[in-house]
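Working notes for the structure below.
Letters A, B, ... mirror the listed sequences (proteins, then strands); counts begin at 1. Small disclaimer: the values here were computed from a predicted structure and weren't measured.
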There are 2 protein chains.
Amino acid sequence: MTLATRESDPANGPIPLPSKPRESLVHSLHDEVLARLREFIVEGNLAAGARVPERLLCERFGISRTPLREALKVLASEGLIELLPNRGARVRRIGEREIVELFDVMGGLEALAGRLACERISDPAFAEIERLHHEMYGHYLRRDLHGYFACNQAIHDRIVGAADNAALSATYAGFAGRLRRVRYSANLDDNRDRWGEAMREHEEILDALRRRAGAELGDILFRHLRNKRKAAASQEAAVTPPGEVVAAESA
Amino acid sequence: MTLATRESDPANGPIPLPSKPRESLVHSLHDEVLARLREFIVEGNLAAGARVPERLLCERFGISRTPLREALKVLASEGLIELLPNRGARVRRIGEREIVELFDVMGGLEALAGRLACERISDPAFAEIERLHHEMYGHYLRRDLHGYFACNQAIHDRIVGAADNAALSATYAGFAGRLRRVRYSANLDDNRDRWGEAMREHEEILDALRRRAGAELGDILFRHLRNKRKAAASQEAAVTPPGEVVAAESA
DNA sequence: TCATCCAATTTTGAATGCAATTTGACGAGC
DNA sequence: GCTCGTCAAATTGCATTCAAAATTGGATGA
């Protein structure tokens, strides 16, 4: 307390830090910046392959380059951006090949989650998933895509949560974030066959989970993700002519 | 078109930029520090729960605090250390619970690798794994623990490699690194039953891989890791009295 | 007209500096 | 004797600064 405390100066103001709550429970400025920057990129505010303008983002976030660059290193380790030596950061371009890879890993993680969930899930937690399943079915019948997606994601999240494995949850969330960037417009509305198939797969999922058949559920979940990927890929192929690349990097 | 082509200059020297620089070979100081620091921690040079002394490491690596702190953020995101606001970095203490979690995730990743490997593995790659398997069997018969471990790890690495999925390989390597820190002395020499069981499981693994039975191989691999974890846990329990914790953090 | 070269500007990577917080210790008070 | 409050030293987090590399723009020459 003996140090000159500036908080008595009301007109301090060079860096107002408006929205940041003082000393929120545990997180520092770095985490704040990291989360915001990740959100910023995942949301698609930066084109794939585009340079990440340090100075601009510094001004936008009201910070200096040091914490921003720290966040960039972390995002690079997460695979969201890539750091070219002496050439700055770019938003990683995700190719077709990598999308397939990410889907497969997601499938493996969900398979694991399903297996673990069968070992640990409580009856109330299962009942909640069952409820979500029926709600989702209602959305399916009504062709309510938005509600369907919400329930669908909630179910998968509950399964991962029921696995009760922090390392799995964190890894799953990381891959989900990486995949969220790709706009795989799995527009089920244009693909009624796939929608019905997905719904049937979810029936199998619920059934296996009810029977606590771990290995079986894992297998179903992996194939479920595989089919989802294939549907997304065909959709993508239908929308995007082959070979078309949004060139944002000349070299 | 207007790109300045420097390749006409024969005596350019330091970085000729011949054609297209693949970013993988170019490493900055940051990556160097990151790799060295990770190695430093994984190798166990810092006690679990101990503070990570910034200034000391700066002198040790001959760098300033900025790149070191960047590396610390990345290692924290990898789960090797934890960052307490205003209280610095500590080596993460891995509890019994987390070891179980990590083993399960490893099991899930290996199961995925096995499944994918069945889809993609070439005959020569399988033959190589088969060769390693027989070599490992020889080590088993001779009770050569070191050789056995080497072959064992080589086999698992080959399976992951055969999956041909960069995202999977990177994630697998990350978890392997986190687990390498824990000295689960699965000393098979004191646990002949487990050793024989592991050998039989590897027979099953090879058999399923030969038949390209993906789902089955995934199941075997997951259970293989589960059994390995259980053996390690019982071993740990036999060595460490229950409740004993190497307290390195007073708080 | 076009490609090549060179200097100025911008941008990146790392070091240093500074305020704020924590840590540890000493002494006053109960 | 023990607890609590105050203070100095060390540490942390972030901003600023500095050197080096890349990019840009114009000048030069074929």
Can you name the side chain to side chain contact (heavy atoms under 4.5 Å, CB included) partners of B:Arg158, sequence neighbours left out?
-> B:Glu128, B:Ile129, B:Leu132
Any pair with a residue in residues 151-174 of chain A that passes ring pair (Phe, Tyr, Trp, His ring centres under 6.0 Å), sequence neighbours left out, goes on the list, sorted by first then second residue, please.
-> A:His156-A:His202, A:His156-A:His224
Side chains of A:Leu116 and A:Arg120 in contact at under 4.5 Å (non-hydrogen atoms) | yes
Please tabulate, for the side chains in residues 41-55 of chain B, all donor-acceptor contacts under 3.5 angstrom to protein atoms that are two or more places apart in sequence or on a different chain.
unit_1, atom_1, unit_2, atom_2, d
B:Glu54, OE1, B:Arg65, NE, 2.9
B:Glu54, OE1, B:Arg65, NH2, 3.4
B:Glu54, OE2, B:Arg69, NE, 3.3

Check the distance between C:dG13's P and B:Leu34's CG and give it to me in whole angstrom.
-> 15 Å
Across all chains, not counting sequence neighbours, the side chain to side chain donor-acceptor pair (under 3.5 Å) partners of B:Arg36 are none
By side chain to side chain donor-acceptor pair (under 3.5 Å), B:Asn227 pairs with (sequence neighbours left out) B:Glu201
Just jot down the side chain to side chain donor-acceptor pair (under 3.5 Å) partners of B:Asp164, sequence neighbours excluded, or say none.
-> A:Arg97
Describe, as an angle rounded to 10 degrees, how the axis at the first end of the helix from C:dT1-D:dA30 to C:dC30-D:dG1 is tilted relative to the axis at the last end, five pairs per end.
-> 10°
Atom pair distance, as rounded to whole Å: CD in B:Glu32 and P in C:dG13 | 16 Å
Atom-to-atom span, CG of B:Leu68 to P of C:dA14 - whole angstrom | 12 Å
Any N/O pairs under 3.5 Å between the protein and nucleotides 10-12 of chain C? List them or say none.
unit_1, atom_1, unit_2, atom_2, d
C:dT11, O3', A:Arg51, NH2, 3.4
C:dT12, OP1, A:Arg51, NH2, 3.4

Base of C:dA14 paired with side chain of B:Ser64 (donor-acceptor, under 3.5 Å) | no
Under the side chain to side chain contact (heavy atoms under 4.5 Å, CB included) rule, collect the residues that match up with B:Glu78, sequence neighbours excluded.
-> B:Arg38, B:Val74, B:Leu75
Separation of atom CD1 in A:Ile63 from atom P in D:dA15, rounded to whole Å = 7 Å
